[in-house]
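See structure below.
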There are 2 protein chains.
Amino acid sequence: MLKSCFATAHRIFPVMMQEQLLSLIRQQGDLVRKLKLEKKDSSIIDIEVSKLLDLKAKLEDGNQKKFVLKAPKGTRDYGPTQMAIREEVIQKVVQCFKRHGAQTIDTPVFELKETLTGKYGEEGNKLIYDLQDQGGELLALRYDLTVPFARYLAMNKITNIKRYHIAKVYRRDNPAMTRGRYREFMQCDFDIAGSYDPMIPEAECLKIVAEIMNAVDLNAFELKINHRKLLDGILTVCGVPEDQFSTICSSIDKLDKQPWEEIRLEMINEKGLSPDVSDKLEKLICLRQNTCSAASGKDLNATLLEELSSHSMLKSSDVAQAALNEIKLLLSYCEAFEIEDKVVLDPSLARGLDYYTGCIYEAVLLGEDESSVGSVAGGGRYDKLVNMFMTKGKDVPCVGVSIGIERIFAIMEHKQKLSGEKVKSIETDVFVASAQKNLIKYRMSICSELWRSSIKAEMSYKANPKLLQQLQYCEENGIPLAVIIGEREIEKNIVKIRDVASRQEEEVPKIDMVKSIQERLKNFAV
Amino acid sequence: MLKSCFATAHRIFPVMMQEQLLSLIRQQGDLVRKLKLEKKDSSIIDIEVSKLLDLKAKLEDGNQKKFVLKAPKGTRDYGPTQMAIREEVIQKVVQCFKRHGAQTIDTPVFELKETLTGKYGEEGNKLIYDLQDQGGELLALRYDLTVPFARYLAMNKITNIKRYHIAKVYRRDNPAMTRGRYREFMQCDFDIAGSYDPMIPEAECLKIVAEIMNAVDLNAFELKINHRKLLDGILTVCGVPEDQFSTICSSIDKLDKQPWEEIRLEMINEKGLSPDVSDKLEKLICLRQNTCSAASGKDLNATLLEELSSHSMLKSSDVAQAALNEIKLLLSYCEAFEIEDKVVLDPSLARGLDYYTGCIYEAVLLGEDESSVGSVAGGGRYDKLVNMFMTKGKDVPCVGVSIGIERIFAIMEHKQKLSGEKVKSIETDVFVASAQKNLIKYRMSICSELWRSSIKAEMSYKANPKLLQQLQYCEENGIPLAVIIGEREIEKNIVKIRDVASRQEEEVPKIDMVKSIQERLKNFAV
């Protein structure tokens, strides 16, 4: 992979051409001026002037074809500061996944087009990035990490695994970049595949979200839960035709952003639901919003469960009652996991993707202004997806959660900017500086000694840098220590160790340099 | 990004259709058998038989459209074991980059097509993955990390940075997968941009390669170095026409895989070089190969430098002499960095990519059989690439190195397989097991307590798992400790802590559980 093919020289021609052109224009200009000075015949001058204008037009053309210097629409580069923040957050997420015994896997950035087709619904299909047909297989960039995970399980006949996957996914969405949505963005997925007893893996997924939210200091959040089969039951008893479940759920899904009245009109006018059915729906779907919340949190959940279980219409729905029992069980597990005060049952939670078959959930930040409130994690059970890749065999039940890490990054970046503190993107502990000229090789050998002892060290790439500039570099980059050498130090076989913040210096025998630095670094770390 | 669009239900129809079809075929078969038994008129039977055959043909059709369950050509998934090995290697590489004061950046997986066009030469252009034109910008997957880095520098007007970037790149190559080449593969790049004194950044790049090779225990390697301007000088004095430099270099680049005689014929027959020029070339290009290597390593370098500097033909070439002086300087810096015994001057090293303008180098593994020897790292100076993205402004001189991490992964995986040792892909320290039924919530609360103390803990997702199975899980996954609880333990407010390897158990007051486990883990770590 290191070897590559040879470039032809044409790549440097645009620059050369422009320079040649400029030189030709200069020559031609000189010629025209000379002819004019010499008062030559105007017909001769005109010919040369027109040549000059031609050359200038060519230069113009070249400039108009100027390169567009940008990252593709909806994508962005991450500089060192952003990367330092991102890596810190990702490390916390990974630590949490590993704390829960998860392994990691990786899959290619693109899949066969047919692997993705028909998994995300009509709108999703429109947002998939296709690769150009250059002969061979038809490919497309992954849209999420869940479908590739299901493909991986089916292909390797894995029926049971707890895995995390942190990678970028691609959606040709219309990016509202101010709201932190991009066409290339990272997802952190944790999933449990396998046949287990009800609600135990679900409870762990919720626990993981709570732990991650705490780890990144986003403590004001709630975990909304609902159940696809409760939704099915509600839609059935209210009289929504079965072939409209998907589209009506899609309307309900917008309830966190729009008031019921708008949703109602959409359902009636665009989707042809009768006003009567719609009003029945509201009573059950908006139960949480409309319940007097004197009771809050845990008590409100109990009240809602009680109301739904005994509701005159829902009583007759076996699926709804089974779902309510699962929710009850989940809530009791959340108590054992000490997250019950974060969990709220919300019958209006619908979740976008169609592959969910059971419990669904979303983490929502509280206390921000309405418009910017959005989910920072979401997931649920999808028991049928793996089977879509298999011609035979039993279901591989799965449940998982995706952390909306980009939104967390955005919040962290914002916090960091507000705090005014500088983010350290360089981890260097020691800068090796020289006070005199011609010591480059001595600096190199000192660095070499430090690196050998796993000490993070840098030096200037100038052969004879100024001491002041070297020390400034330390201050600007938060490097805590400097080793300073000069002819006197070399003679005496010592080094000067400088504490950059306090500017105090100490002379240390060269043989003790590493030990002394390691001790100082230990003290900084405390 | 968590919300997505709604899928229609058509995705589950293929499975349903097939089942319906099978049921229809069964019914129709029964009908035909019944008609035959009843000895009905053959014209009636024939009609029903033809219906049956139609149904069977439909089933056939459906089966032929069976889903191809695979990762795209030239790509692969990485399972947990492979990922554990990969992450260990990457961590060592990152540690080294950070030890040298590098920051990291990230760029999108695709770039504007025009950003990549004309940077990799004719053959490279052919290997670029284009995205389909779905309206908007024309995009292509990145081919390496160097061109996106140059685009990033130009766009952000950065003239000076030391950065690393670890990410996957894409080449529509014909993958020889047995040799560890893929169409999607990872690169680990370290680059220094900025105007510095000659050969100091180059020396650090070589030092970094040496450190990484040591860190991953690949000690039998050499660092081949050469200089593009020395090559230019050699080609000039031998009489290669300037417009053939690129293509002749491309031939020379194959010298590590083919003997000179083959290269010679290619240059003469395919590229029209005169036999005389070719023979002159051999004398200089193959100088290292043809020099009696009684002198080795450092001495051989000195001998070669001496021969080249005083060579009757090269004496007249200013560029070659300047390059030789730079090489001399670099070798002296390598001595200060204590890597001089690894560095070998080799005038036949050419490197593929055309953007190099100065010193070039490659790390080559020694001691393997000829056919599999390949470079595991490579790079060089490219002072003009950033400028290709700017309409004005000074050059941003750059030098860097790319670690051929996939090859290192392959070697590590191979070593691991030979060793027969199991790779730990799960980091769990404690398994919380129960000896009796109905303790799921108690196990949950114990896990919760352990997670709160940052202890990596797991439990079974079954409500009533068997103790033996729980302990087997620990043994299979190398989990060192188990906390075992039963009714007796709950009553006495204790837990049993089991050392999985020795099978010894100890009863500990529940209040001391975390402390006791932390101490045990500390001892394991020692």
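These values consider heavy atoms only, across backbone and side chains, with no hydrogens, waters or symmetry-generated copies. A note on names: the letters A, B, ... follow the listed sequences, proteins ahead of strands, and every chain is numbered from 1. The shown structure was predicted, so the numbers you read here are calculated from the model rather than taken from an experiment.
- Heavy atoms only, all atoms of each residue included: B:Met444 and A:Ala336 are closest at CB-CB, 3.7 Å.
- Looking at A:Glu335 and B:Lys441, no side-chain N of the basic residue comes within less than 4.0 Å of a carboxylate O on the acidic one, giving no salt bridge.
- Using a 4.0 Å cut-off between a side-chain N of Lys or Arg and a carboxylate O of Asp or Glu, B:Lys73 and A:Glu137 do not qualify as a salt bridge.
- B:Thr75 has its side chain out of reach of A:Thr107: every pair of non-hydrogen atoms, C-beta onward, lies at least 4.5 Å apart.
- By the salt bridge (charged side-chain N to carboxylate O under 4.0 Å, His left out) test, A:Lys168 pairs with A:Glu184, B:Asp106, sequence neighbours left out.
- At least one side-chain heavy atom of B:Asp130 sits under 4.5 Å from a side-chain heavy atom of A:Gln134.
- Note: A:Phe337 and B:Trp451 have tilted aromatic rings, judged against thresholds of 30 and 60 degrees for the angle between ring planes.
- In this structure, A:Arg99 does not pair ionically with B:Glu427, as no charged nitrogen and carboxylate oxygen lie closer than 4.0 Å.
- For the pair B:Tyr78 and A:Ile105, the minimum side-chain heavy-atom distance is 4.5 Å or more.
- The candidate from B:Pro198, B:Ser445, B:Ala463, B:Gly379 with the greatest count of non-hydrogen atom pairs under 4.5 Å with chain A is B:Ala463.
- Note on B:Arg452 versus A:Glu211: no salt bridge recorded, every NZ/NE/NH1/NH2 to OD/OE distance being 4.0 Å or above.
- The most heavy-atom pairs under 4.5 Å with chain B, out of A:Gln82, A:Glu87, A:Glu204, A:Gln95, come from A:Glu204.
- One finds the NZ atom of A:Lys462 at 8.0 Å from the CG atom of B:Asp197 (value rounded to the nearest 0.5 Å).
- With sequence neighbours excluded, the residues forming a salt bridge (charged side-chain N to carboxylate O under 4.0 Å, His left out) with B:Glu111 are B:Arg151, listed by chain and number.
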